[in-house]
Amino acid sequence: MSFRLFDLNDPQRHAATTLEGPLLILAGAGTGKTRVITVRIAYMLAQGVAPESILALTFTNKAATEMRERLAGMVDKEVAKRVTMSTFHSLCVRILRTDIEKLGYKKNFTIYDEGDQNGLIKKIITKTAAIGEKLEPNLAKSLISKAKNNGWNAPQDEKTLIGSVFARYQVELKALNAVDFDDLLLLTVKLLSEHPDVRQRWQRRYRYLMVDEFQDTNRLQLEMVGYLAKNEEGSPPNVAVVGDDDQSIYGWRGAEVSNILEFEQHFPNPTVIKLEQNYRSTNAILNTANALIKNNPRRRPKKLWSGKGEGDKIRLVQAPNDREEAEFIANEIQRRKVEEVLEFEHFAVLFRMNAQSRLLEEAFRERQIPYKIVGGKSFFDRREVKDVLAYAACALNADDDVSLLRIINTPPRGISAAVVERALDLSIRHKCSLFQGLQLPELQRTVTPKAAAAIAAFVSQMDHWETKLNEPLVDQVALFRSLIAESGYYEDLRRSCKTPDEAHKRESGVRDVIEGFGRFSENSTDGLRGYLDSMALRQEKEEDEKDKEQGSGVMLITLHASKGLEFPHCYLVGLEEGILPHDRSKVEGTLDEERRLLYVGITRAQKTLTMTYCFNRFRFGGVVPCNPSSFIKELDPALLERIDLQKMLSAPVEAPVVKSRFAAMRAAVERVK
DNA sequence: CCCGCTGTGATTTTT
DNA sequence: TCACAGCGGG
């Protein structure tokens, strides 16, 4: 055991050593939350708790991995491995793969990601909507998701379009033997609530639960924790949750802040511990954050402080427009890197909307400042990756219509759109899958002999791979490789790409997927199905070669994506009414969450924080005037240094400043020597 | 099947 | 303004 309890501060140690009963750890930003969680687990193990009986739930794979690695550094690696650390969704997959048959699904169900979900919903809307009726697929998707997360079941017979789309969507998913992300939670909760044998098995397995980022849990996740934490003796559940209500920024995704605000109602008589000592930022930064967040009515009062001293004032810069804002930041970062001897990696620019990054990118590119944008199109969403995964999904479960539709004519194999359409209609009438629909004599009779032959060839091909994949002790990686090779997909790629360069890139994407399966198989026995699961749950590492080579640079990142990260020097841009808080938050009544978003942004900064706003901004195709964010009024003016860019630019730089800058640069040159 | 035209709408995105 | 989806023509 190489962990030391006395390295923790008092509340941290109290949290790490309280093992019995409900425990609420209110961990403010930068208060050493992950450390407390891992030490707490190490402490449990030291106390003789069986590693198998510990469950730690996170939201992201990144968090689960980090926790695993930190624990492995503290205790015997073999013991650490036996602790379950998993995302909610991964645990659900594990539970469902064992017992989903009790709910009428087959064990080889497919997990639909948002793209698949979109495809299915679009299809259903066009089939269901009467002439003149319209429904935004995205709206439908979010309504369905909200409904599922609130534990509502699909309406049996619904008069409204959205109601019938919802009902039909659920029926079709089940027919396709597919589940979406929400179903993973919904069905797990259903299984646990309706099947006492299953419930007992999992309740007995885990005796100590921990939940990270508890403020982000939704209703189903809370329910799931409730079931898993319950013990037969009826004694208080050993459930420890860690979170910060002030950093709840995913309400629009179904997260319920009330889960953490009303924790005592869900788990009576908990020990409540506040972590308020921050190890990240200066007090100027923390007190700015404190001043802002205390304006939120529904929260657990907290006040962050740190031993890092007061630090620089927070700079509030007003720029005439968004272009000047971007150029100011780029110029300044370039200057500060030299004068203050910093790396580009020490800087981050945070914004509300992705669209705001464009001008910044331009400004950085002009000055050849390296930068890194997080987000954007993911490896998983690349066309060739989805295609190849769809092949695998079909080989394992040909009744998966969405995957089948994706590949049925990729490459073109002589099954025309009209034939597919007819097969689809038939499959609906016969209540069977598209794959089965293709094989109905009723269809065969109505198509040309050529098409019939093409269908037969395709069907026998898929059957062949299915049989092969199900043979015991078979080399699934090799099978997968030949499945793709023999499908003619590579040839199709070369043909369909405009440039050889693009074709090359896409081909290597395909190879990455296959190699990814190879690597997966080295330390898993879950086979191709397991690999598809891990891809759907984004467990596989995104191999971005460029990322590694480029190193990094200035981080350009949305406020949402910045949660959990920290940077020495932060720029928070676009602090304008309408952007932060965003216009839509007013109609949606989510101003509190916007405030939390700014709070999250402020608390990312370690040493210096600069906030900017403009008087004019290019939006919706025109220059629109804008006002400073109403949140600015809530900050402590004593900690703010206001800078007017226009004035600063027109005024000549004062001689002493020039002198000191010159000295700083000379010093920098000396250091390089 | 591919390209270009037109219309529309424009937060955030852990799984 | 600009991105992208959907559709009609070549």
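Since this is a predicted model, take the numbers as computed values, not measurements. These values consider heavy atoms only, across backbone and side chains, with no hydrogens, waters or symmetry-generated copies. All chains are named by letter (A, B, ...) in the order of the sequence lines, taking the proteins before the strands, and each is independently numbered beginning at 1.
- dA3(C) atom C1' lies 14 Å from atom CZ of Phe620(A), rounded to whole Å.
- Distance from the side chain of Thr558(A) is smallest for dT13(B) among the nucleotides dT15(B), dT13(B), dT11(B).
- Residues Pro320(A) and Phe615(A) form no side-chain contact, since every pair of their non-hydrogen atoms from C-beta on lies 4.5 Å or further apart.
- At the heavy-atom level, Glu588(A) lies under 4.0 Å from base atoms of the strands shown.
- In terms of position on DNA chain B, the residue among Ser585(A) and Arg538(A) whose nearest nucleotide sits closer to the 5' end is Ser585(A).
- Counting non-hydrogen atoms under 4.0 angstrom, Gln215(A) reaches nothing in the nucleic acid.
- Contact between the side-chain N/O atoms of Asn354(A) and the OP1/OP2 oxygens of dT12(B) is found at a separation under 4.0 Å.
- Between the CG atom of Leu537(A) and the P atom of dT14(B) there is a distance of 13 Å, rounded to whole Å.
- For dT11(B), neither phosphate oxygen OP1 nor OP2 lies less than 4.0 angstrom from any side-chain nitrogen or oxygen of Arg253(A).
- The gap from the P atom of dC4(C) to that of dT11(B) amounts to 13 Å, rounded to the nearest Å.
- Only the C1' atoms considered, dT14(B) is 26 Å distant from dA3(C), to the nearest whole Å.
- No engagement by Arg596(A) is indicated, since no non-hydrogen atom pair under 4.0 Å with the nucleic acid exists.
- By the 5.5 angstrom centroid cut-off and the 30-degree plane limit, His560(A) is classified as not stacked against the base of dT12(B).
- Judged by distance alone, with hydrogens and angles left aside, the side-chain atoms of Asn296(A) form no donor-acceptor pair with the main-chain N or O of Ile293(A) at under 3.5 Å.
- Ranking dT1(C), dT11(B), dT15(B) by closeness to the His89(A) side chain, first place goes to dT15(B).
- Between Glu114(A) atom CD and dT13(B) atom C1' the separation is 7 Å, expressed in whole Å.
- Rounded to an integer number of Å, the gap from CG of Asn138(A) to P of dC4(C) is 14 Å.
- Among the nucleotides dT12(B), dA3(C), dT11(B), the one closest to any side-chain atom of Arg584(A) is dT11(B).
- Using a 4.0 Å heavy-atom cutoff across all strands shown, Asn61(A) reaches sugar-phosphate atoms only and no base atom.
- Listed nucleotides: dT15(B), dT11(B), dT12(B). Nearest to the side chain of Trp252(A): dT12(B).
- No aromatic stack links Phe88(A) and the base of dT15(B), using centre distance under 5.5 Å and interplanar angle under 30°.
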Given salt bridge (charged side-chain N to carboxylate O under 4.0 Å, His left out), test Asp246(A) with Arg595(A) step by step and report yes or no. CA-CA 9 Å; Asp246(A) 291 335; Arg595(A) 190 177 280 110; over 6 Å; no
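- Comparing dT14(B), dT15(B), dC2(C) against the side chain of Asp216(A) picks out dT14(B) as the nearest.
- In summary, of the residues considered (Leu96(A), Leu220(A), Ile95(A), Leu192(A)), a side chain to side chain contact (heavy atoms under 4.5 Å, CB included) with Leu187(A) occurs for Leu96(A) alone.
- With a 6.0 Å cutoff to the six-membered ring centre and a 45° limit on the axis angle, Arg358(A) does not count as a cation-pi contact of Phe618(A).
- Taking side-chain N and O atoms only, Asn218(A) has no distance below 4.0 Å to OP1 or OP2 of dT15(B).
- Taking atom OH of Tyr599(A) as the reference point, atom C1' of dT12(B) lies 20 Å away to the nearest angstrom.
- Judged purely by distance below 3.5 Å, without hydrogens or angles, the side chains of Asp182(A) and Ser145(A) pair a donor atom with an acceptor atom.
- Rounded to whole Å, atom P of dT11(B) lies 9 Å from atom CZ of Arg352(A).
- Phosphate proximity of dA5(C) to Lys122(A): absent, as no side-chain N or O sits under 4.0 Å from OP1 or OP2.
- The nearest heavy atom of DNA chain B to Arg495(A) and to Phe59(A) marks one nucleotide each, and the one closer to the 5' end goes with Arg495(A).
- Counting heavy atoms from C-beta outward, Ile329(A) and Leu360(A) have side chains that approach closer than 4.5 Å.
- Distance Leu559(A) CG to dT14(B) C1': 16 Å, rounded to the nearest Å.
- For Tyr250(A), the side-chain atoms get nearest to dT13(B) when compared with the rest of dC2(C), dT15(B), dT13(B).
- Spacing between atom CZ of Arg358(A) and atom P of dT11(B) amounts to 14 Å, rounded to whole angstrom units.
- Look at Ser90(A) and you won't find any side-chain N or O under 4.0 angstrom from OP1 or OP2 of dT15(B).
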